[in-house]
Amino acid sequence: MKRLFIANRGEIAVRIVQAAKGLGLTTIQAHSQADADMLAVRLADEAVCIGPPPAAKSYLDIEAVVGAARAASADAVHPGYGFLAENGDFADAVTAAGMAFVGPSGDTIRMLGDKVTARRTAQAAGVPTVPGSDGRLADIDAARAVLEETGFPVMIKASAGGGGRGIRVARDQAEFERVFAQAAAEAKAAFGDGGLYVEKLVERARHVEVQILGDGENFIHCFERECSLQRRRQKVWEEAPAAGLPADLRQALCDSAVALARQVGYRGAGTVEYLYDESAQAFYFLEVNTRIQVEHPVTEMITGIDLVQEMLRIAAGERLSIRQEDVTVTGHAIECRINAEMPEKNFMPFPGTVSALSVPQGEGVRFDTMLYQGYTVPPYYDSLLGKLIVHGPDRATALERLRAALDALQIDGQPTTVALHAALARQDDVIANRFDTAFLESWLASDEAKSALTTKEKA
Amino acid sequence: MAKAEIRSPLPGTFYRRPAPDQPEFKADGADVAEGDTIGLVEVMKSFHEVPAEVSGKAITFLVEDAEPVTAGQVIAEVEA
């Protein structure tokens, strides 16, 4: 592998260009007409325009991307995240054109991308899944039998429902008996189909995920990340490791991710996502992401592994150079996603022009970004501008460094979510590691959040 | 007759219809009441309504459907 084509944009394209240069590869950066002046284009050895600004006509156009990569004599394609990164047909098209795809095979991507197949694959590998009826229930007797496995509370869902419609919750047996009959009648009336299924309701769940690496024969994990601080199901703040996760559970969690990787002969970097029920000390499989993730830097900070370079080595056909016993955790890392949004205006996105940029330089501080002074952020793509990552010997020190780094980070001319993170880094529950996936949205509705986000005080 | 301007509150792509298969929020020449939605601006994968800050008659659009706009750009004029 000598010439790498980067089929993505923004901060991850910058990250990939730098990782590839570190391995001595020639970098060819794809860009849309709206991205000709982006940072990754400036840093790459070569750049190719692949189409007009709308992503559907550029970064999501398989023919345009593969055609441009071939024309540029690339021998490998890195898809980044988002866009075509988890499109099995794209992986196949890259391979069929005689280039290496930096990621797993199209078949693996399709298998893990399908919710039902992924759940079955996880079960076959011995990974715990959320207990429930595997499919619709024949009658209330069948439902009662499932309760032995799920316990309470349970969700009763209409088979024909979706997007939260037709879901009822029962907290004990009496309520279950009452609600089940109602739910069946309602489902019949609403959807013309009274089919129901039952699933354990995991309350106050945290989101944890395990980083995996595989070369098709050898599989390792790089420990876990904690990503519960989310808004509208988008991660906002991520940490590694998951503070407060007991050692035996951490071992079981990470082992289960490796078992799943082995089950499918995984090749590349991936992430196995879980729901973690802290009170029951149980974890359940959610899904697998078959690509590099936005929050990969927190794992790199605690393990010292360059995940993007590992992906490139694996795609070049090398064996995994790291053994499981070589992967150790040092300290604690936190990442804040800096978005082009106005927290005080309900997170309205607003692309602007960066008139001044000052990046903190302290110990343990890393800033992965697409920004430079004078850059005008295009309105066509997502709002992620960069990620501020801090590392410290422990979580308290990491938080202290984070507060200092956020205060020192100056981005003028472009609204950002820095004020949100500065407030979170000083919030009592965040400091005490007392939060789940519902925390951030309920905190944002509180008076505490409103005053923190409107005053914008700089201590 | 005095003209009143309706400006985009944010940069992005301007759309005159709520969805491609639906009618325009306001036809050319329609009357507009303050607060009426005259279009959408798509920015960073999210959609935001553009409200008329004034009432007026006979709206004229200065921006085509699906064209880029900047923050503060005049999208339409009405006769006030």
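In this text the structure is predicted, and so the values were computed from the model without any measurement.
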Does any heavy atom of chain B fall under 4.5 Å from the side chain of A:Ala55, the backbone, both, or neither of them? neither
Nearest heavy-atom contact between A:Pro378 and B:Met44 is O-CE, 3.8 Å
Can you name the closest pair of heavy atoms from B:Pro9 and A:Phe350 and give their distance? O-CE1, 3.7 Å
Quick check on B:Pro68 against chain A: is it the side chain, the backbone, both or neither that has a heavy atom closer than 4.5 Å? side chain
Roughly how far, to the nearest 0.5 Å, is the OG atom of B:Ser46 from the CD atom of A:Glu341? 8.0 Å
Give a yes or no on this: more than 12 heavy atoms of other residues, nucleotides or ligands lie within 6.0 Å of atom CD of B:Gln22. yes
Minimum heavy-atom distance between A:Pro349 and B:Leu10, given as atom pair plus value: O-CD1, 3.7 Å
Evaluate the side-chain proximity of B:Val43 to A:Tyr380: yes if any heavy-atom separation is below 4.5 Å, no if none is. no
